[in-house]
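The structure appears right after this line, and notes come after that.
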Amino acid sequence: MKQYSSLLVIGVVVSALLACGGGGGDDEPDPGPSPYIPDPIPTDKTSAVSFTSSINDFRTRALGSSFEDRDEISVFPVAGNVVGDNNRYVCNKGIFSATLGITKKESDKLAYYAVSPYSSLAKMQMNFTVQTNQTKWNQYFASDLMTATVASTASFTPDLQFNHRMSRVCVDFVGDNASTLPGRVSRIVLKDMRLQATVDIKADEYVASGQKGNVTMYFYEDCFYGIIPPQTIPKETSFLVVTLDGKDFPIYFEEDIVFKSGYDFWIDLSYNEGEGDGQIVVFKGQISPWRK
């Protein structure tokens, strides 16, 4: 880890009054008041850096706007054109701090890059892979790549404003029977998705790459959510499979689907009850910054 520190030099000026002894006896001169000794004054002290944080969203973490205790991030200090080592910071009551983290002098100005979630392998250029099974909260959150950048500052408590860098697919239910559908849908799967993103944090680039695979979506408050790298799905491609009442219903659109970095893609589903298997009707909803 790169440390930004210096030797702390403290100067103290001490003056003393010297009394000259005259003759003997009881006529010794009054020594006067005790000399004034000023408190030490640091010239440019070295201290640890901690971070405040927020997520540009309305809900909690991958579903919102705040981190929770014990969440971890990677932080890289930048001095000039030199990017420092990956430092592990842990959240406690909204503040990210580290036992062995970044230190600097009061006069030092540093810029910062931060990545969530923390990885010992995180760096400015890297590959990031989403989880294929996102049905559990920790698997879903591990797929939510976020980054933050702080311009050069002398502050010991910079604010990290994170942005989501993957794309999120959100499935909601509409229609007269919408309230019953979440209990009848056992799973929703994103089919044949690129699972890896080539990431360049300094250039702010996130490009889908690598092999394809399926992503099983996360269920939360009557909606399904899945996080994937930004990518484009060709028209008339069955990219979503809804399992309802034990039957699989493939979903596709008659136009290309573009999943953008940091954006939600909402899909509204309704189900027409009838003879046989019934029919799912699909509506493409809004495409908006990562929020609900």
Audit row: Tyr271, Arg184, side-chain contact (heavy atoms from CB on, under 4.5 Å) steps and yes/no: CA-CA 11 Å; Tyr271 182 64; Arg184 297 165 61 185; 3.6 Å; yes
Would you say the side chain of [Y] lies within less than 4.5 Å of the side chain of [X], judging by non-hydrogen atoms?
X      : Y      : answer
Tyr89  : Ile102 : yes
Val171 : Met217 : yes
Ile95  : Thr52  : yes
Leu190 : Val169 : yes
Thr147 : Tyr206 : yes
Met166 : Pro230 : yes
Val185 : Phe173 : yes
Phe156 : Lys104 : yes

Which residue pairs pass the side chain to side chain donor-acceptor pair (under 3.5 Å) test when at least one of the two sits in residues 112-125, sequence neighbours left out? Gln125-Asp200
Distance (rounded to the nearest 0.5 Å) between [X] [atom1] and [Y] [atom2]:
X      : Y      : atom1 : atom2 : value
Ile251 : Leu269 : CD1   : CG    : 5.5 Å
Ile228 : Gln134 : CD1   : CD    : 9.0 Å
Glu273 : Thr180 : CD    : OG1   : 6.5 Å
Asn163 : Leu145 : CG    : CG    : 11.0 Å
Phe51  : Ser155 : CZ    : OG    : 9.0 Å

What is the minimum heavy-atom distance between [X] and [Y], and which atoms define it?
X      : Y      : value
Asn87  : Leu100 : OD1-O, 4.2 Å
Tyr252 : Thr237 : CB-O, 3.2 Å
Gln161 : Ala148 : O-CB, 3.5 Å
Phe96  : Asp71  : CE2-O, 3.4 Å
Lys202 : Met124 : CG-SD, 3.7 Å
Ile227 : Ser143 : CG2-O, 3.3 Å

According to a hydrophobic-cluster definition based on side-chain heavy atoms being under 4.5 Å apart (Ile, Leu, Val, Met, Phe, Trp, Tyr only), do [X] and [Y] belong together?
X      : Y      : result
Val189 : Met193 : no
Val241 : Phe239 : no
Val90  : Val49  : no

Has the side chain of [X] got a donor or acceptor atom that lies under 3.5 Å from a matching backbone atom of [Y]?
X      : Y      : answer
Lys109 : Ala151 : no
Glu72  : Arg88  : no
Ser152 : Ala111 : no
Asp172 : Cys223 : no
Ser270 : Val174 : no
Asn127 : Gln196 : no

According to the interplanar angle, ranging from 0 to 90°, do the rings of [X] and [Y] count as parallel (below 30°), tilted (30 to 60°) or perpendicular (above 60°)?
X      : Y      : value
Trp266 : Tyr225 : perpendicular
Phe224 : Phe219 : tilted
Phe162 : Phe67  : perpendicular

Is any NZ, NE, NH1 or NH2 atom of the basic residue among Asp192 and Lys212 found under 4.0 Å from an Asp or Glu carboxylate oxygen of the other? no
Are Lys260 and Phe265 in a cation-pi setup, meaning NZ or CZ lies under 6.0 angstrom from the ring centre and within 45 degrees of the ring axis? no
Tell me if the CD atom of Glu236 is crowded by more than 12 foreign heavy atoms within 6.0 Å. yes
If you count every heavy atom of other residues, nucleotides or ligands that lies below 6.0 Å from Asn138 atom CG, does the total exceed 12? yes
Please lay out, stage by stage, how Arg168 and Tyr140 fare under the test side-chain contact (heavy atoms from CB on, under 4.5 Å). CA-CA 11 Å; Arg168 185 171 66 171; Tyr140 173 77; 3.3 Å; yes
Please assess Tyr220 against Asp222 for the test side chain to side chain donor-acceptor pair (under 3.5 Å), listing each intermediate value before the final yes or no. CA-CA 6 Å; Tyr220 178 78; Asp222 294 338; over 6 Å; no
Test His164 against Asp144 for side-chain contact (heavy atoms from CB on, under 4.5 Å), laying out the working first. CA-CA 7 Å; His164 301 280; Asp144 183 22; 2.8 Å; yes
Determine, step by step, whether Phe76 and Val115 satisfy the side-chain contact (heavy atoms from CB on, under 4.5 Å) criterion, reporting the C-alpha distance in whole Å, the side-chain angles of both residues, the deciding distance to 0.1 Å, and the verdict. CA-CA 9 Å; Phe76 301 85; Val115 179; 4.2 Å; yes
The side chain to side chain contact (heavy atoms under 4.5 Å, CB included) partner of Ile267 among Leu240, Ile257, Val242 is Leu240
What pairs with Thr243 under side chain to side chain contact (heavy atoms under 4.5 Å, CB included), at least two apart in sequence or on another chain? Ser186, Arg187, Asp248
Qualifying residues under side chain to side chain contact (heavy atoms under 4.5 Å, CB included), relative to Thr135, sequence neighbours excluded: Asn133, Gln139, Thr216
Test item: side-chain donor near acceptor, Thr232 and Asp256, under 3.5 Å: no
